[in-house]
Amino acid sequence: MTLTLFTGGFAAALLLGVYLPWAGWSLPGGLVLLGLWLVLRLAKRLTRPRRVILGAALALLWLTAFGAVFHAPAQAMENRTIRLQAVVTGWPEETSYGVSVPVRAGEEDGRKVKALFYGGEDLSGLRPGDTLSCVAYCTPADQVRGEESLYYASRGILLKLQGYGEITVTPLEGFSLRYAPIRLAGAIRGVIDRLYPQDQASFLYALLTGDRSHLDGTTQNQLNRVGLGHVAVISGLHVSYLLGLLSLVLKPRRKGSLAVLLLSLVLFCLMTGSAPGTVRASILGGVVLAGRYLGRDSHPMASLSLGLLVLLAVNPYAIANAGLQFSFLATAGIFLLGRSWGRRWMQKVPRRHRRWAAPLLNVTAVSLGAMVFTLPLSAWYFGRFSLLAPLSNLLTGWAVSLTFAGGMLSVLAGAIWLPLGRVLAAAVGLPLKVFLGYAAAASRIPLAALTTDGGYYALWAVFVYVILCLYLFVPVKEKRPVLPVCACVVTLCLSVLLTAQGVQRTGLTVTVLDVGQGQSVALLSQGATALVDCGGSADPGDTAATYLQSLGRSRLDLLVLTHFHEDHAGGVPELLARVEVGTIALPDVDPDSALRQEIETLAQEKGIELCYIRQTSQVTLGGAELTLIPPLEGSKETNEQCLVLLCARNGWEALFTGDLPTPEEQRLAARGLLPDGELLVAGHHGSQYATSQALLETFTPETAVISVGKNNSYGHPAQAVLDRLAAAGASVYRTDQMGTVTISIE
């Protein structure tokens with residue numbers, strides 16, 4: 001209990017110290033708390049609270065010292081061009097412009113810090129332990145997609161480095177124990193490549209080595225949606241599988257076997273990148289092994305607290321790491337709730353049925369226990385939570401365990417004799433296909449996951465937690481879960497009905513989804529659904545599919561693509577994997593576009609009708625009328641060849657112009673096809689070269705929505721556009737400031 005209380009105070013103080021914008025308070029705050037602890041210690045009062053206070057005091061003092069010792073050298077290099085010397089500490093990962101490489105780097109005679117080095121594709125052959133030197137520009141690693149973030153700091157990365165000119169690379173000579181584990185991970189991936197097809201290999205990279213960089217976004221989103229995302233992140237699950245596999249031949253109560261098991265844990269942790277969740281799970285596993293050797297039961301929460309304390313002592317900013325937060329809270333939920341629930345449920349099962357009931361009840365209890373603490377975190381980070389998580393873990397647990405054990409054995413066999421490895425890989429492929437197939441199929445279920453960005457589902461989640469707290473903490477002689485469970489199920493059904501009716505009550509709903517720097521607009525009218533574009537920087541396919549499925553819809557009647565740029569159509573492949581689509585309307589332009597060809601191929605495979613808009617066409621969508629205007633003749637550039645959409649209902653009109661530039665807007669306005677309108681989705685995300693005065697004078701919108709990403713590199717929306725819209729009297733709404741924007745018409 002002492003360690004748990006101390007660690008609780010330590011972690012809570014670090015959360016405040018890391019997340020509060022003013023860092024100067026940590027030193028005086030730590031000193032004040034230390035003084036308060038000393039007073040309570042001398043007075044021999046409040047024993048438990050003073051342990052929490054001591055943990056908080058030392059956390060704030062350590063945060064101050066850590067910044068002075070480790071952050072100061074990085075801050076001295078920020079926004080400077082330096083002569084760089086760096087040692088590669090991990091494998092290069094592909095980026096849009098080349099590769100990013102984890103390094104320990106600094107000036108020639110200066111202190112080295114963890115950083116990310118960005119260079120061209122010619123550096124993709126770098127290996128851990130290699131050194132490089134060049135001229136580089138240093139920027140602080142405190143932004144992700146233009147927003148301030150603790151993502152890199154939580155991983156210990158303090159700088160981003162952009163190399164220039166000639167880059168001198170010196171390969172590592174001989175054997176290095178320091179980089180051997182990470183090179184072993186690379187060797188394992190090489191064997192996996194020779195044994196498995198690419199779709200299975202990319203998942204096995206994540207499962208066995210912690211490398212998720214090759215796992216495509218569609219698969220990751222499918223796993224997250226059905227509550228299986230943790231399988232692709234090295235955590236306690238993987239450590240328990242590893243120890244279970246090794247325990248078949250090693251006995252923890254023997255000193256030599258214990259040493260091998262502990263060494264294996266360290267190697268596995270280093271090999272998989274030493275992510276905070278992995279380190280936490282490895283420490284917990286090591287404590288359990290040591291307890292078995294000594295013949296003592298380890299206290300679960302004390303062991304968990306020790307793991308967290310070690311991690312935060314190494315890097316206090318790890319408290320902001322989402323993986324650590326999920327890992328710690330899930331494990332705490334299992335220890336505090338899941339295990340006791342499982343035992344309590346088993347007591348109510350007749351003895352003759354317990355053998356077959358135990359796996360079912362234990363997996364369900366563990367899944368629910370983990371969800372209790374991680375559900376709010378999932379809602380905070382992703383705006384959703386999975387309803388299918390307990391069922392998914394129950395149905396696929398056997399497949400994951402067989403895949404992990406079989407994958408390890410097949411890699412070992414393949415490294416020794418390739419034909420034997422391929423035989424084992426063929427067998428492992430069966431449970432792996434079942435697992436991935438389940439994730440793909442279950443992710444298409446409309447209510448597999450619920451969004452929490454306001455609305456009835458968020459209220460339902462709050463209601464469930466109130467019921468849970470009442471069930472856990474209100475003293476009742478005999479607690480019966482039937483009534484609380486029924487109440488949660490009934491209110492969930494009510495939330496679904498109210499959400500669906502909220503859309504059905506209106507004649508037309510236009511929802512401009514927040515997809516970052518891109519565009520995707522959902523149109524719903526009297527049971528019919530359409531989507532205008534599906535692209536952006538923030539998982540547009542997943543965002544659009546999740547929005548539709550949260551309304552209980554698994555079918556999209558019409559998908560309209562204005563043109564074939566990534567920020568307008570890049571999410572279509574994932575959308576098609578998640579939602580049934582009736583027809584795709586698209587302009588017959590840019591035939592050499594790889595994205596167009598991919599969409600056409602997918603549509604043909606799925607039997608989706610492709611409708612090429614070559615002349616102005618009318619389409620009925622429920623109670624609304626859509627007018628599709630093809631690209632104007634003579635247009636050459638892709639942005640000029642946009643399909644234009646006009647949506648009307650009872651004299652109310654909305655206009656979507658894609659990325660149409662000013663000259664094409666002027667030609668469109670001159671054709672006399674545009675009425676006086678009400679809603680304009682601003683062209684080209686608010687670029688100064690769109691939303692022209694000619695268009696505004698012709699269409700005269702009362703409202704304008706700008707679909708744009710936060711702090712994008714293009715400077716969107718341009719001030720000139722905002723000024724033009726203000727002068728036109730249009731109310732302006734922006735997805736970068738307000739998130740998803742919905743307009744409802746009776």
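Throughout, residue positions are numbered sequentially from 1 according to the sequence presented. In this text the structure is predicted, and so the values were computed from the model without any measurement.
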Discussion item. Parallel, tilted or perpendicular: which one describes the rings of Trp460 and Phe385, with boundaries at 30° and 60°?
Written reply: parallel
Worksheet entry | Ring geometry between Phe382 and Phe326 (parallel below 30°, tilted from 30 to 60°, perpendicular above 60°) | parallel
Of all heavy-atom pairs between [X] and [Y], which one has the smallest distance, and what is that distance?
{"X": "Gly709", "Y": "Asp736", "answer": "C-CB, 3.9 Å"}
{"X": "Gly623", "Y": "Ser525", "answer": "N-OG, 2.8 Å"}
{"X": "Ala389", "Y": "Asn393", "answer": "O-ND2, 2.7 Å"}
{"X": "Ser367", "Y": "Pro390", "answer": "CB-CA, 3.7 Å"}
{"X": "Val464", "Y": "Cys488", "answer": "CG2-SG, 3.9 Å"}
{"X": "Leu660", "Y": "Ala690", "answer": "O-CB, 3.5 Å"}

Look at the side chain of [X] and the backbone N and O of [Y], then say whether any donor-acceptor pair between them is shorter than 3.5 Å.
{"X": "Ser554", "Y": "Glu580", "value": "no"}
{"X": "Thr735", "Y": "Val708", "value": "yes"}
{"X": "Asn221", "Y": "Asp542", "value": "no"}
{"X": "Ser443", "Y": "Ala440", "value": "yes"}
{"X": "Ser392", "Y": "Val226", "value": "yes"}
{"X": "Arg555", "Y": "Val581", "value": "no"}
{"X": "Thr543", "Y": "Ala538", "value": "yes"}
{"X": "Glu678", "Y": "Glu653", "value": "yes"}
{"X": "Thr562", "Y": "Gly658", "value": "no"}

Separation between [atom1] of [X] and [atom2] of [Y], rounded to the nearest 0.5 Å:
{"X": "Leu668", "Y": "Thr698", "atom1": "CG", "atom2": "OG1", "answer": "8.5 Å"}
{"X": "Glu665", "Y": "Thr691", "atom1": "CD", "atom2": "OG1", "answer": "5.5 Å"}
{"X": "Leu628", "Y": "Leu626", "atom1": "CG", "atom2": "CG", "answer": "6.5 Å"}
{"X": "Leu459", "Y": "Ser495", "atom1": "CG", "atom2": "OG", "answer": "7.5 Å"}
{"X": "Leu548", "Y": "Ser550", "atom1": "CG", "atom2": "OG", "answer": "7.5 Å"}
{"X": "Arg724", "Y": "Leu695", "atom1": "CZ", "atom2": "CG", "answer": "10.0 Å"}

Does some side-chain heavy atom of [Y] sit less than 4.5 Å from a side-chain heavy atom of [X]?
{"X": "Leu655", "Y": "Val644", "result": "yes"}
{"X": "Thr620", "Y": "Glu625", "result": "yes"}
{"X": "Arg734", "Y": "Leu722", "result": "yes"}
{"X": "Leu391", "Y": "Leu388", "result": "yes"}
{"X": "Val741", "Y": "Leu513", "result": "no"}
{"X": "Asp557", "Y": "Thr583", "result": "no"}
{"X": "Val496", "Y": "Leu447", "result": "yes"}
{"X": "Leu524", "Y": "Leu551", "result": "yes"}

Worksheet entry | Intermediate values then yes/no, side-chain contact (heavy atoms from CB on, under 4.5 Å), Leu632 and Glu664 | CA-CA 8 Å; Leu632 303 178; Glu664 303 305 306; 3.9 Å; yes
Exercise: do [X] and [Y] side chains pair donor with acceptor under 3.5 Å:
{"X": "Gln549", "Y": "Arg225", "answer": "yes"}
{"X": "Thr219", "Y": "Asp216", "answer": "yes"}
{"X": "Thr740", "Y": "Asp514", "answer": "no"}
{"X": "Asp567", "Y": "Gln517", "answer": "no"}
{"X": "Arg578", "Y": "Thr546", "answer": "yes"}
{"X": "His563", "Y": "Asp659", "answer": "yes"}
{"X": "Ser731", "Y": "Glu702", "answer": "no"}
{"X": "Asp723", "Y": "Gln719", "answer": "yes"}

Discussion item. Per the ring pair (Phe, Tyr, Trp, His ring centres under 6.0 Å) rule, what does the pair list look like for residues 707-732, sequence neighbours excluded?
Written reply: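 Qualifying pairs, neighbours excluded: His684-His716, Tyr714-His716.
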Practice prompt. Count the heavy atoms of every other residue, nucleotide or ligand shown that sit under 6.0 Å from OH of Tyr438, and state whether that count exceeds 12.
Written response: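 It does: Tyr438 OH has more than 12 such atoms within range.
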Worksheet entry | Residues Leu387, Leu492; criterion side-chain contact (heavy atoms from CB on, under 4.5 Å); working and verdict | CA-CA 11 Å; Leu387 282 181; Leu492 172 61; 3.9 Å; yes
Item to complete: Check the pair Val560 / Leu531 against side-chain contact (heavy atoms from CB on, under 4.5 Å), numbers first and verdict last.
Response: CA-CA 6 Å; Val560 179; Leu531 191 70; over 6 Å; no
Item to complete: Evaluate the side-chain contact (heavy atoms from CB on, under 4.5 Å) criterion for residues Leu368 and Val372: first the C-alpha distance (whole Å), next the side-chain angles of each, then the deciding distance (0.1 Å), finally the verdict.
Response: CA-CA 6 Å; Leu368 290 174; Val372 167; 5.6 Å; no
Worksheet item: Pick from Leu680, Thr742, Thr511, Ile743: which one makes a side chain to side chain contact (heavy atoms under 4.5 Å, CB included) with Val705?
Response: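 Going through Leu680, Thr742, Thr511, Ile743 one by one, the side chain to side chain contact (heavy atoms under 4.5 Å, CB included) with Val705 is satisfied by Ile743 alone.
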Worksheet entry | Note: Arg596-Asp588 ion pair, threshold 4.0 Å (strictly below) | yes
